[in-house]
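In this text the structure is predicted, and so the values were computed from the model without any measurement.
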2 protein chains.
Amino acid sequence: MGPIPKRRLPVMADVAKEAGVSHQTVSRVLNDHPNVRADTRARVEAAITRLGYRRNLVARALVTRRSRTLGVVSFDTTLYGPASTIYGIEQAARTAGYFVSIVSLKSIDAASVRDAIDYLTEQGVDGVVVVAPQHSASQALESLPTGTPAVAVEATHRADIPVVRIDQAEGARMATRHLLGLGHETVWHVSGPAGWLETEGRLQGWREALEAAGRPVPEPLAGDWSPRAGYEAGRSLAAMDGVTAVFAANDQMALGVLRALSEEGVKVPGQISVVGFDDIPESAFFSPPLTTVRQDFDVVGRHCIEMLLRQIDAEPGPAERLIVPPGFVVRSSTASTAAAAG
Amino acid sequence: MGPIPKRRLPVMADVAKEAGVSHQTVSRVLNDHPNVRADTRARVEAAITRLGYRRNLVARALVTRRSRTLGVVSFDTTLYGPASTIYGIEQAARTAGYFVSIVSLKSIDAASVRDAIDYLTEQGVDGVVVVAPQHSASQALESLPTGTPAVAVEATHRADIPVVRIDQAEGARMATRHLLGLGHETVWHVSGPAGWLETEGRLQGWREALEAAGRPVPEPLAGDWSPRAGYEAGRSLAAMDGVTAVFAANDQMALGVLRALSEEGVKVPGQISVVGFDDIPESAFFSPPLTTVRQDFDVVGRHCIEMLLRQIDAEPGPAERLIVPPGFVVRSSTASTAAAAG
DNA sequence: CCGCAAGATGTGGTCGGTCATGTCTCAAGC
DNA sequence: GCTTGAGACATGACCGACCACATCTTGCGG
């Protein structure tokens with residue numbers, strides 16, 4: 001036996017020859033058209049397995065103008081939120097028979113988002129979901145050519161692009177009301193970085209809940225989602241007088257706050273109650289286990305795909321806006337002031 | 001004005017007509033060939049921007065037989081390790097001008113890995129990186145047609161597929177030696193789930209370090225990477241006598257251990273020292289901050305792409321095996337037994 | 001002023017599928 | 001027996017790029 005001849009992969013014509021039919025019939029079998037006799041179909045299928053034929057989706061995409069690939073633009077896929085959202089997106093897309101091509105940005109200016117979308121468009125994606133909840137990203141969507149199926153997570157300025165978002169303000173309200181309900185006079189807030197839609201939604205909900213209860217609104221401490229930022233905010237908080245309740249804009253920062261307070265000898269929830277946002281898998285095991293707002297990222301991802309596919313398949317109707325309600329998980333990082341006093 | 005005519009996107013021929021040249025010249029400008037006169041080039045470029053032309057990469061892929069897309073198969077992209085690795089992969093791929101198509105598996109049997117690879121191959125990816133460090137995945141790679149550029153993270157049975165991996169055993173040895181060096185008689189281990197290569201590497205390193213020092217090797221407690229599993233292991237450990245040092249196979253489980261010990265009133269590191277593995281961003285802020293083995297996932301991702309591209313561009317040489325050394329970060333969850341005694 | 005090589009540009013075929021259309025067979029209906 | 005029509009299959013054009021090769025320009029030496 002000589003060396004195996006380096007032959008190219010079999011194509012449809014090869015299968016056709018092998019089965020003694022035309023390439024068109026092979027195509028019909030592949031796309032299971034009704035008008036193929038059972039024995040012909042069997043012969044073709046046998047030829048396919050015999051040759052190990054795989055259809056070339058690139059060629060198919062060229063003529064159908066459908067790549068069956070969806071593009072995802074995201075910011076920092078290392079964070080729990082984006083990672084989970086993308087996971088949901090990928091699962092839903094694949095069960096629908098779509099591929100997912102991902103671009104994760106390290107910088108969040110409008111230009112890079114635009115570039116990313118261009119890049120994906122050039123590749124011929126059938127639609128795009130943008131998971132970059134910053135103003136800059138939201139602006140970048142404006143330059144998207146009309147008619148390109150797209151879905152935004154959190155928000156966009158464009159009225160013709162559907163949006164899936166979690167009700168951030170409501171989550172913040174739940175957190176704040178919970179603390180107020182425990183008897184705290186007011187609630188301090190460690191916010192996310194500027195420019196993020198989540199940051200604003202959570203700030204707004206927190207402020208609203210405070211104002212609705214006629215409580216003073218302390219100056220928020222700005223963080224950047226990292227545990228370190230939370231830690232620094234925690235140290236400042238510990239040094240201040242009269243702080244009894246803190247609402248951190250995410251669980252990682254809440255962890256930092258917890259750490260700082262523990263180092264300063266401040267008891268949680270004895271002296272200060274802490275609430276987070278996200279419900280990452282770790283938060284149930286913080287010291288103490290964290291009371292937090294639950295976000296269902298999975299659900300967000302699935303809805304994105306649903307809405308995107310609807311746009312691709314159907315005629316464009318009015319752009320939907322889907323708002324996913326957050327949940328609230330009470331654990332041991334919050335307590336009533338009565339208990340604290342006692 | 002009537003409705004805007006629904007015109008298709010401009011193609012090369014349109015640009016050619018607009019610029020008064022042939023499509024071939026447009027192609028030459030696009031691929032910046034040398035033999036085009038400067039003014040012709042300028043005219044073509046002007047036409048391109050005027051028409052808003054974007055080259056159709058699908059058509060290009062059909063004839064060049066290069067999709068400039070890389071496939072990634074991964075298990076649970078929600079976990080910090082895979083997520084970070086994929087992030088590194090994506091960044092490196094994009095700077096090299098490649099797209100990344102991701103398939104994340106929810107079940108880890110060989111069949112699904114095989115399906116995923118098939119799926120990607122059909123789509124015409126130029127290469128595949130498999131980030132599924134389980135035996136099953138490793139086995140699935142065996143059926144990969146020879147000649148398909150591929151890289152495995154952690155391991156594979158195939159000698160012709162390059163591997164990038166972090167030296168798990170060495171990391172475990174570092175952790176164990178560190179604890180032994182602090183005077184602990186032996187070290188308990190909370191391991192990962194069966195079937196994972198990391199689980200085995202870490203078990204092996206831990207056992208080796210113990211045996212090298214002539215210490216007894218306790219029965220490991222099996223976990224599943226989750227904080228909850230760590231928590232349960234922690235409770236068992238707290239109920240046992242003579243436990244002074246615990247090495248958890250990842251940081252999340254270490255967190256669970258920490259939590260359980262704290263609930264049982266066991267002081268860390270006063271009575272028991274705990275070491276983790278991964279160095280997730282949170283671990284520096286655990287209570288107490290976690291001593292752990294640092295894995296450079298980013299670096300792994302980058303190396304994967306480097307090796308994959310080398311395979312795609314160059315002739316296949318011998319398969320490389322790259323072993324990335326782990327780091328070790330000492331924080332406050334470990335202490336010497338002397339201190340504990342005192 | 002011609003020849004000729006190098007440079008600039010055009011022509012047609014090709015990648016591997018799908019789609020529209022055409023041909024052929026065969027049974028039902030008059 | 002002949003039309004008719006539907007089912008089964010084949011043929012050729014086409015998607016939009018790249019590539020090999022042909023052709024037309026140039027510039028320069030003799």
Side-chain angles (χ1 to χ4, degrees), chain A residues 6-48 51-69 97 99 121-126, chain B residues 6-48 51-69 97 99 121-126:
Chain A
K6 191 168 191 124
R7 70 150 130 274
R8 55 167 181 49
L9 295 165
V11 298
M12 216 157 173
D14 301 326
V15 176
K17 188 144 53 89
E18 178 81 11
V21 295
S22 76
H23 63 115
Q24 174 57 18
T25 300
V26 178
S27 173
R28 270 191 282 257
V29 170
L30 252 26
N31 300 312
D32 41 38
H33 266 283
N35 298 353
V36 180
R37 228 168 26 206
D39 62 315
T40 309
R41 181 183 301 276
R43 240 175 36 244
V44 170
E45 274 161 359
I48 286 175
L51 263 47
Y53 168 76
R54 319 240 57 193
R55 143 163 66 185
N56 181 332
L57 291 185
V58 174
R60 178 194 175 89
L62 178 59
V63 52
T64 58
R65 289 141 190 291
R66 286 292 187 84
S67 61
R68 293 200 78 84
T69 297
F99 292 89
T121 308
E122 213 172 28
Q123 198 207 17
V125 294
D126 294 343
Chain B
K6 192 169 188 123
R7 72 150 127 272
R8 56 166 180 51
L9 292 166
V11 299
M12 215 147 146
D14 301 324
V15 175
K17 189 146 51 90
E18 178 81 9
V21 296
S22 76
H23 65 112
Q24 174 58 13
T25 300
V26 177
S27 172
R28 267 191 280 257
V29 170
L30 251 28
N31 300 310
D32 43 37
H33 265 283
N35 297 352
V36 180
R37 225 166 32 203
D39 62 314
T40 310
R41 181 182 300 275
R43 240 176 34 246
V44 171
E45 275 161 357
I48 287 175
L51 265 49
Y53 168 75
R54 318 239 57 190
R55 145 163 66 185
N56 182 330
L57 291 184
V58 175
R60 179 195 175 88
L62 178 59
V63 52
T64 59
R65 291 143 187 293
R66 287 291 187 83
S67 61
R68 292 201 78 83
T69 297
F99 293 89
T121 308
E122 215 172 28
Q123 197 207 18
V125 295
D126 295 342

*For the side chain of B:R28 and the backbone of B:N35, is there at least one donor-acceptor N/O pair under 3.5 Å apart?*
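The answer is no, because no donor-acceptor pair under 3.5 Å joins these two groups.
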*Quick one: does A:R43's side chain have a donor or acceptor within less than 3.5 Å of a partner on A:A19's backbone?*
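Yes; at least one donor-acceptor contact below 3.5 Å.
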*Just compare D:dA17, D:dG16, C:dT9 and give me whichever is closest to any side-chain atom of A:R65.*
D:dG16
_Selection from C:dG17, D:dG16, D:dC19 that lies nearest to any side-chain heavy atom of B:H23_ =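 Nearest listed nucleotide: D:dC19.
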_Looking at C:dT18, I'd like to know if its phosphate oxygens (OP1 or OP2) sit under 4.0 Å from a side-chain N or O belonging to A:N31._
yes
*Taking OP1 and OP2 of D:dA17, is either one under 4.0 Å from a side-chain nitrogen or oxygen of B:S27?*
no
_Using heavy-atom distances to pick each residue's nearest nucleotide on DNA chain D, tell me which of B:R37 and B:N56 is more 5'._
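Looking at DNA chain D, the more 5' nearest nucleotide goes with B:N56.
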_Nearest-nucleotide comparison on DNA chain C, the residue closer to the 5′ end among B:T40 and B:V63_ =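 The residue mapped nearer the 5' terminus is B:T40.
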*Would you mind building the protein contact string for nucleotides 21-27 of chain C? One character per nucleotide, 5' to 3', B for base within reach (heavy atoms under 4.0 Å), S for sugar-phosphate only, - for untouched.*
-------
*NA contact type, B:N35, heavy-atom cut-off 4.0 Å: base, sugar-phosphate, or nothing?*
base
*Indicate, with a heavy-atom threshold strictly under 4.0 Å, whether B:V21 touches base, sugar-phosphate, or nothing.*
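Contact class for B:V21: sugar-phosphate only.
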_B:R55 and B:N31: side chain donor to acceptor below 3.5 Å_ =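 Yes, because at least one side-chain N or O of B:R55 sits under 3.5 Å from a partner of the opposite role on B:N31.
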